[in-house]
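What follows is a short report on a single structure.
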Amino acid sequence: MSADRKPTDFEMAVYQATRGVPAGKVTSYGRLAATLGRGTARAVGSALARNPFAPEVPCHRVVRADGALGGFNGATEGPELARKRRMLEQEGVRFDAAGRVRPETMV
DNA sequence: CACCTGACATAAT
DNA sequence: AATTATGCCAGGT
C-alpha cells in the first residue's frame, strides 16, 4: 500500500482556489486550472482526488464543465457520487433531469 | 529518464 | 443528444 505523500505546490494551489468557492455555487475543474494559470482540468482533478483537507476544502463544489458531477471521494460513480449530489442540493444547487448541474449555478 | 494513469475538455461521429 | 477519439498537465512507478 502506498503511503500518503506531502502535497505538491500545484496541489496546494488547487486546494486554496477550491476554498474560495462559495456555497450554493459550483465551479469546474478547467475553470480552476485557468484561475491558477497553471495545469489543466486533468491535473486539477488528480489533485482534488487526493484532497487531504476535506471538508475544509469543498471539493464537492467542483464539477465537470458540462455540468456532470465528476467524482467524489475517489469514485466516479456509485453511492459516493450520490452523497456529493445531496450535499450540493442541500446547499441550493439545482440539477436537471439528466442529473447535470444547471449552467446558472456554475460560476 | 521513459511509460502509464487519471474526480477533464473539446471536437467529431 | 449521446458516445468515441484525441489532447492536455501533473504525479507515480
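Protein chains get the first letters and strands the later ones, always in sequence-line order, with residue 1 at the start of each.
Sequence neighbours left out, the pairs with a member in residues 8-19 of chain A that pass side chain to side chain donor-acceptor pair (under 3.5 Å) are A:Arg5-A:Glu11, A:Thr8-A:Glu11.
Side chain of A:Thr105 to main chain of A:Val101: no donor-acceptor pair is present (N/O by atom type, distance under 3.5 Å, no hydrogens or angles).
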Under 3.5 Å, which donor-acceptor pairs do the side chains of residues 67-77 of chain A form with other protein atoms, sequence neighbours left out?
none

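For C:dC8, neither phosphate oxygen OP1 nor OP2 lies less than 4.0 angstrom from any side-chain nitrogen or oxygen of A:Arg38.
As judged by a 4.0 angstrom heavy-atom cut-off over every strand, A:Ser46 is placed among the base-contacting residues.
Of all nucleotides listed (B:dA9, C:dC8, B:dA7), C:dC8 comes nearest to the side chain of A:Thr40.
Per the geometry, CG belonging to A:Leu81 stands 9 Å off C1' belonging to B:dA7, to the nearest Å.
Annotation: the span from A:Ser28 atom OG to A:Arg64 atom CZ amounts to 11.0 Å, rounded to 0.5 Å.
Shown for residues 7-36 of chain A: residues whose heavy atoms fall under 4.0 angstrom of DNA chain C, namely A:Thr8, A:Phe10. For the segment residues 48-65 of chain A, residues with any heavy atom less than 4.0 angstrom from an atom of DNA chain B are, sorted by number, A:Leu48, A:Ala49, A:Cys59, A:Arg64, A:Ala65.
The side-chain tip of A:Arg85 points at the ring of A:Phe95 from less than 6.0 angstrom away and within 45° of straight on.
Scored by the salt bridge (Lys or Arg N to Asp or Glu O under 4.0 Å) test, A:Arg83 finds A:Glu80 as partners (sequence neighbours excluded). Partners of A:Arg102 by side-chain hydrogen bond (donor to acceptor under 3.5 Å, both in side chains), not counting sequence neighbours: none found.
Looking only at side-chain heavy atoms (C-beta outward), A:Leu88 and A:His60 come within less than 4.5 Å of each other.
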